[in-house]
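Notes to accompany the following structure.
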Amino acid sequence: MAIGTTEVLSTPATQSAGPWRTAWRDLRRNKVAMGSIIVLIVIFAACLAAPLYASSVMHLDAFTSNLDGKFTVNGVTGPVMQSSDTGLGLGVNPIGPTWLWNNFFLGADNQGRDVMSRLLYGGRNSLVIGLVSATLCCALAGFIGIVSGYFGGGLDAVLSRGLDVLWAFPVYLLAICLSVVLINQSLTIGPITLNSGSIILPILIIGVIYVPYVARPIRGQVMSLREREFVQASVGAGATDARLLRREILPNVLPTLIVFLPLMTAINMLTESALSFLSIGVQPPDASWGTIINDGVGLLYTRPMVAIAPGVMLAITAVALNLLGDGVRDALDPKARLRGAV
Amino acid sequence: MKLRITTAVASAGALTLALAACGGGSTPAPSASAATGGTTSSSAANAAYDPAKAGGDVTLLAKTAGGTLDPKINYTLQYWQLYQAAYDGLTAFKKVDGQESFTVVPDLAESLPTATNDGKTYVFNLRKGIKFSDGTDVTVDDVVASFQRIFKVSSPTAGSFYNGIVGADKCLATPATCTLDGGVVADATANTVTINLTSPDPEFFYKLSVPHAAINPKTAPVKDAGTTPIPTTGPYMFKSYDPNTALVMVRNPNFKAWNEDAQPSGYPDTITEKFGLTVEAEVTAVENNQADWIFDSPPADRLAEIGTKYAAQVHVNPLTAVWYVPMNVNLAPFNNEKARQAVNWAVDKNAVVKILGGDKLAAPVCTILPPGFPGFKDDCQYTNPAGATWQGPDLAKAKALVTESGTAGQAVTIITTDDEVNKAVGEYLQSTLNSIGYKATLKPISGNIQFTYIQNTNNKVQISLSQWYQDYPAASDFINVLLGCASFTPGSDSSINIAGFCDKTGVQPMIDDALKTEQTDMNAANEKWAATDKAAMTQAPWVPLVTPKLIDFLSTNVSNYKFSKQFYMLVDQLQVKK
């Protein structure tokens, strides 16, 4: 990819379209990628509208317990939490899906809250955590990979061994350990204290644990670029390290990072969901798709939709992000275009 | 008593140490229901043993093992239930259905002695001819060694139940050299054991009837026996124990019934408790008759199914227990009485009932003592409209009290265990606290540590969720243990007075008075306990939530279900259908 991109960047300006414009043009021609973008836009828009849905359509706070709540369907009013009236009358179950947009469309959870509202609110958290942590991860990995690969020597040894140490831990175990410690005790960095319920904590945790997975290939790419003719030519022309990094290395690494972004967003969303499912991610009463799946586990036999709905949303979003990532890679990688032509 | 795993909580001395294992912990989720239909156990005395119905194997299921098998150390219902068919003390709770199961009867002792020396001395005549499962005779030396062993292995109740025995203080201070000199005295010739107390204890027979006072061979190790079975005197002995797979009980070849009330003969040939399945899988196994009973309470989403399709196999019984919300009276915002009262007004106990599975599985309570318990009297100070029993919350009043207290807007952290039901109650409490003006966060932590965590004042726990199940039927087991000054030990993991409530001028003198009255007049004492309960609730150190009920779900392979209120289902009385 780097070679191809370099070639694109090194092409004389006599050509009409720049590399980014070319990539965008190719992306637009990729129907699967564009379909994914549309799906993601719809999901993002729906999640952004969560407060509007909860307040104006459902008229119910998605974060307050509603165990004594009532609902009305077709003029019939009943309790949201319904006691069993058969046999011994054991158990209380929340109302199931009514499929009415303004009335417990997907049913209620074990606190009597509207699942649809929480699904939308949960999506906001899942997407924000996935996206921001992926951005953080790519930024950190980009910085470490570039510095390590470009300067080499002792600095590279230290940074690489640091990445090795991080990489040595199974990623989920590391995430769980960090989450258990930080989410139970909060995190104080200088004057800043992050409370245990803050979603910044899962963002930081997930952002950090995946750094080696992105930094490694970036470092390798930079080490390769450093030896390339155009870089050597710049060195010969007296370019400083800062200029080389800014003008020659970064532009060639950036497409790789951009390709990583949607892929890491999908991975990070899944990680967040796993942590939240284990109660060490997003904290109640906040929701994420992972916490809603967790809520649904106890209702799997009677109200499976509570677990299925966020699971489906998670799957759709992850697939869309992966397909978009593939499309972006194809668009930014001339070799992929070549393959496509063949 | 804790309903699930307790490991050896050692250390001598502190009353609360012993009691630490006694409540809280992870509790079977939505438990049982009161007298519903034909499903509640009801009969009274034991029918005569019918040898024709003996035989077969009973398979029990539990998600996890219950820890050490040592009866002096284990403090879980899970194994106390099994110990009933294996170990004996000088006295025992009657092994029958219903209220009568709270009655103490002589077991290894020939009779219940009358206290002498102003109620401080008991002389027990030991039955002759009883053997341990290893074939050795039960002697008075075994009895003395067993009482010494309570202290030598630092039994969880050594400092609370048995600290009144003469010489106990020395044993608590230096367990390894415990002799109980002058406290437990054997007379081999007369075959008697004399127990001397430092002061009269009207609850002493109760304390002798729990497994920690079981009589073990004098050769039993003076350390936690762990997974190694200690010889038994009852109808069953432990054949093998692997906490990862199963606990197997077989018939004790040396057992001959001596008192059917104290230790009836058992029916099954073997009782096997298997570990490792999920609770969902356990329910399915019993539905398919692949197992006969599950220790864990059925999950909420299976309740309707078993209550409908398998109603005939379900038994529901009320428990003498309480789910409650202790508020730290020494820490803001709940060091303000009005703030505590506000929470009492705000909490909708019916909402908690719903979380626990509905009104067939739990009932709201307003008092510290659970309904039906000695000293219990209907009284509800925080209900709208006013009444002697729970009616409903009053959010407006709660908000007004929060404003009056000047604590509005303060941050409050609720500590619960991380299981489904406790977490759901925690979420409800969080929502309620937010609605009356606090900024509440919920911190669910592992059930293995939550109970000790919330007791330690160093953890600065403001409010938490806990449960208490009776050890024996006496009001002091709730009020004195949970709200007495002696149960509050700052900085200790074993400070069972979780609220840190110690009213030296009001409630504590009432507790002392009730304890003193117990020695002469139990009825008068119970009146005093009721008054003490009311006085304590006026200061609102807790929000009493609900009293739970227990579900026993059995296969169709077994019959003759008997429910002891003290130790729950009598496993060895199950008859296997042939």
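Every heavy atom of this structure was used, including side-chain atoms; hydrogens, water molecules and symmetry mates were not.
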d(Ser84(A) OG, Leu303(B) CG) to nearest 0.5 Å is 9.0 Å

Can you see which heavy atom on Leu361(B) is nearest to which on Gly91(A), and at what distance? CD1-N, 4.1 Å

More than 12 non-hydrogen atoms from neighbouring residues, nucleotides or ligands closer than 6.0 Å to CG on Asn458(B), yes or no? yes

For atom OH of Tyr172(A), is the number of surrounding heavy atoms from other residues, nucleotides or ligands below 6.0 Å larger than 12? yes

Report the distance from atom CD of Glu305(B) to atom OG1 of Thr86(A), rounding to the nearest 0.5 Å. 11.0 Å

Ile200(A) atom CD1, over 12 foreign heavy atoms within 6.0 Å: no

Between Asp61(A) and chain B, with a heavy-atom cut-off of 4.5 Å, which part of the residue counts as in contact: side chain, backbone, both or neither? neither

Ignoring hydrogens, what is the shortest heavy-atom contact between Asn110(A) and Ala424(B)? Give both atom names and the distance. ND2-CB, 4.0 Å

How far apart are the closest heavy atoms of Asp301(B) and Thr302(A), and which atoms are they? O-CG2, 3.5 Å

Value rounded to 0.5 Å, distance of CG in Asp286(A) from OG1 in Thr441(B): 11.5 Å

Charged N to carboxylate O below 4.0 Å: is that the case for Lys354(B) and Asp68(A)? yes

Sub-4.5 Å side-chain heavy-atom contact between Leu67(A) and Asp348(B): no

For the pair Leu90(A) and Val314(B), evaluate side-chain contact (heavy atoms from CB on, under 4.5 Å) and give the outcome as yes or no after the intermediate values. CA-CA 10 Å; Leu90(A) 304 179; Val314(B) 174; 4.1 Å; yes

Of the listed Ala411(B), Ala440(B), Ala304(B), Gly426(B), the one with the largest count of heavy-atom pairs under 4.5 Å with chain A is Ala304(B)

Look at Met81(A), Arg113(A), Gln283(A) and state which one has the largest set of heavy-atom pairs under 4.5 Å with chain B. Arg113(A)

Decide yes or no for Thr64(A) and Asn434(B): does some side-chain heavy atom of the first lie under 4.5 Å from some side-chain heavy atom of the second? no

Please report the interatomic distance CD(Gln111(A)) to CD1(Ile355(B)), rounded to the nearest 0.5 Å. 5.0 Å

Write down the atom of Pro284(A), the atom of Gln430(B), and the distance for their closest heavy-atom approach. O-NE2, 3.1 Å

Return the minimal non-hydrogen interatomic distance between Ser431(B) and Ser65(A), and the atom names on each side. OG-N, 2.9 Å

Most contact-rich option vs chain A, by heavy-atom pairs under 4.5 angstrom, among Glu280(B), Glu427(B), Lys423(B), is Glu427(B)

Under 4.5 Å from any heavy atom of chain B - which part of Leu299(A): backbone

